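Starting off with a structure, shown below.
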Amino acid sequence: MQPVTTSLLSVVVPLYNEEDNVALLTQKIHESLVGYDYQIIYVDDFSKDDTKKVVKDLKDDKVHLIELKKNYGQSLALAAGLDYAEGEYIITMDGDLQNDPSDIPEMLTHAVSEEYDVVTGIRQKRKDSLVKKIPSKIANFLVRRITKLDIKDNGCALKVFTKDIAKDLNLYGEMHRFITLLAHLEGAQIKQIPVKHHARHAGVSKYGLERVFKVVADMMLLLFIRKYFQRPIHLFGIFGFLLILLGIIINLYLLVVKVGFGEDIGTRPLLMFGMMFILAGIQLFTIGIVMELLIRTYYESQKKRPYRIKKVSIGGEVK
């Protein structure tokens, strides 16, 4: 296949204890990108084995190694690689050889010729254990239902980004699992294509069930950011108003009981609930106002705008 672009490509690969995989992965990347101008950026996330030594021993001019001072996790390792990358197109993938570099040229074709900002893979016939596949399917289902973004495989690490989208991604926690959704929030046009998936070549998986809880927490935060980041008062204000209204209704009912029927209400638990609802509602409403002020400060202090301009045309011509 002839190269579809002469622009520099950056292949970003986070590594953690992949000493038995990295040499073969490098070879496969070279074979898949014949004719392209590219750099391979390995980010070592404080591996405990000889991963760094193996990379250095390659003595390959196209290979760049970033060594982190401690184990930050895959999201921040990936963020370090994205920040360092110089290519006009940035490719991300895992370092365990489960992703196949031979899929990269086809993904680049879609990104370049069809002008997609992100091309992401859908792993075919996944060679993973049920411990990885079941939580992944649940997370993909929840993201599709809640966000209405039809991404079939959020967990596939093999992706192609344009430089401007990749550089604006803010990764933390376990956000690398929702990197496609983050790109969507930046206004990216996304293409999904089937890609190959292999069993791990060597080493052991770093995935455990405990990471499911981290993923769920990050997904909840991401969904809040997606829907209410620019208008938190719409979330906290509405809930606050509803609680205040419920508390007022309860207290009006108790007032009628006290005045109209002469019953004692001082010892009723309902009176306490009514007051609690009103106070909780006021607190939520106040939180919403404070967050509105923080969001305004965030945008104004950094001169950011809550929107992205893709193109500007004057008289039908792109400016």
Side-chain angles (χ1 to χ4, degrees), residues 1-47 49-69 71-112 118-121 123 156-167 169 171 176 179 195-198 200-203 206:
M1 181 181 292
Q2 290 295 318
V4 294
T5 180
T6 58
S7 299
L8 177 67
L9 310 178
S10 295
V11 183
V12 178
V13 187
L15 298 176
Y16 181 67
N17 295 344
E18 300 291 357
E19 62 179 357
D20 296 323
N21 292 320
V22 68
L24 182 56
L25 175 60
T26 305
Q27 177 186 332
K28 287 183 175 293
I29 293 174
H30 285 324
E31 293 171 352
S32 301
L33 296 180
V34 172
Y36 284 95
D37 182 19
Y38 62 95
Q39 57 180 188
I40 303 172
I41 302 169
Y42 288 132
V43 185
D44 182 72
D45 193 20
F46 207 68
S47 294
D49 63 3
D50 288 331
T51 297
K52 290 183 289 186
K53 182 179 183 301
V54 172
V55 174
K56 291 175 182 177
D57 287 346
L58 292 173
K59 299 187 185 305
D60 190 327
D61 291 339
K62 288 189 177 294
V63 173
H64 301 240
L65 174 64
I66 300 174
E67 301 178 41
L68 301 183
K69 283 190 172 183
N71 181 253
Y72 288 97
Q74 190 170 350
S75 287
L76 290 183
L78 187 59
L82 294 177
D83 289 340
Y84 178 86
E86 300 173 342
E88 289 301 315
Y89 293 93
I90 299 177
I91 300 107
T92 63
M93 62 188 304
D94 283 336
D96 54 12
L97 285 170
Q98 290 195 276
N99 298 136
D100 197 322
S102 65
D103 287 314
I104 295 175
E106 181 183 354
M107 300 176 79
L108 279 168
T109 299
H110 291 287
V112 175
V118 180
V119 179
T120 182
R123 290 168 289 185
C156 182
L158 184 57
K159 304 178 190 296
V160 175
F161 297 88
T162 56
K163 182 178 181 179
D164 64 322
I165 289 294
K167 293 291 185 179
L169 296 173
L171 299 179
H176 66 277
I179 193 170
V195 297
K196 296 180 283 292
H197 191 252
H198 304 292
R200 170 176 272 275
H201 173 71
K206 288 78 179 177

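These numbers come from a predicted model, not from an experiment.
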K52: which residues meet the salt bridge (Lys or Arg N to Asp or Glu O under 4.0 Å) condition with it, sequence neighbours left out?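 Here the qualifying residues are E67.
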
Do L78 and I179 make a side-chain contact, defined as non-hydrogen atoms from C-beta onward lying under 4.5 Å apart? yes

Output all residues satisfying salt bridge (Lys or Arg N to Asp or Glu O under 4.0 Å) with K196, sequence neighbours left out; order by chain, then residue number. D103

Identify the heavy atoms of P14 and A77 that sit nearest to each other, and give their distance. CB-CB, 4.0 Å

State which residues pass side chain to side chain contact (heavy atoms under 4.5 Å, CB included) with A157; sequence neighbours excluded, sorted by chain then number. D94, N99

Measuring from Q39:CD to I91:CD1, what's the distance to the nearest 0.5 Å? 9.5 Å

Nearest heavy-atom neighbours spanning A85 and V12: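 Taking every non-hydrogen atom into account, CB-CG2, 4.3 Å.
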
Evaluate the side-chain proximity of T92 to L82: yes if any heavy-atom separation is below 4.5 Å, no if none is. yes

Could you list the residues that satisfy side-chain hydrogen bond (donor to acceptor under 3.5 Å, both in side chains) with D57, not counting sequence neighbours? K53

Is L108 close to L9 at the side-chain level, that is, under 4.5 Å between some pair of heavy atoms?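 Contact flag for L9/L108 side chains = yes.
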
Rounded to the nearest 0.5 Å, what separation is found between the CG atom of L97 and the NE2 atom of H197? 11.0 Å

Nearest 0.5 angstrom please: L15 CG to I66 CD1, how far?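 These two atoms lie 10.5 Å from each other.
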
Going through the checks in order, is the side chain to side chain contact (heavy atoms under 4.5 Å, CB included) test met by D100 and V195? CA-CA 8 Å; D100 197 322; V195 297; over 6 Å; no

Compare every heavy atom of D49 with every heavy atom of E18, then report the nearest pair and how far apart it is.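 For E18 versus D49, the nearest heavy atoms are N-OD2, 3.5 Å.
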
Tell me every residue that passes side chain to side chain contact (heavy atoms under 4.5 Å, CB included) with P101, counting only those two or more places apart in sequence or in another chain. L25, K28, I29, S32, M93, I104

How far does CD of E88 sit from CG of D37, to the nearest 0.5 angstrom?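 The CD atom of E88 sits 11.0 Å away from the CG atom of D37.
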
Of all heavy-atom pairs linking A166 and I90, the shortest is CB-CD1, 3.7 Å

Side chains of V160 and H110, heavy atoms from C-beta outward: is any pair under 4.5 Å? no

Any side-chain heavy-atom pair from R123 and Q98 closer than 4.5 angstrom? no

Roughly how far, to the nearest 0.5 Å, is the OG1 atom of T6 from the OH atom of Y36?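 It comes to 10.5 Å.
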
Check side-chain hydrogen bond (donor to acceptor under 3.5 Å, both in side chains) between S47 and all other residues, then give those that pass, not counting sequence neighbours. D44

Tell me every residue that passes ring pair (Phe, Tyr, Trp, His ring centres under 6.0 Å) with H64, counting only those two or more places apart in sequence or in another chain.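 H64 satisfies ring pair (Phe, Tyr, Trp, His ring centres under 6.0 Å) with Y84 only.
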
Could you pull out all residues at least two apart from Y42 that satisfy side-chain hydrogen bond (donor to acceptor under 3.5 Å, both in side chains)? T26

How would you list, by chain and number, every residue that makes a side chain to side chain contact (heavy atoms under 4.5 Å, CB included) with N71, sequence neighbours excluded?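 Side chain to side chain contact (heavy atoms under 4.5 Å, CB included) check on N71 returns Y16, D45, F46.
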
Would you please test I40 and H30 for side chain to side chain contact (heavy atoms under 4.5 Å, CB included) and show each step? CA-CA 9 Å; I40 303 172; H30 285 324; 3.8 Å; yes

In chain order, what residues pass the side-chain hydrogen bond (donor to acceptor under 3.5 Å, both in side chains) check against T5, with sequence neighbours excluded? S7

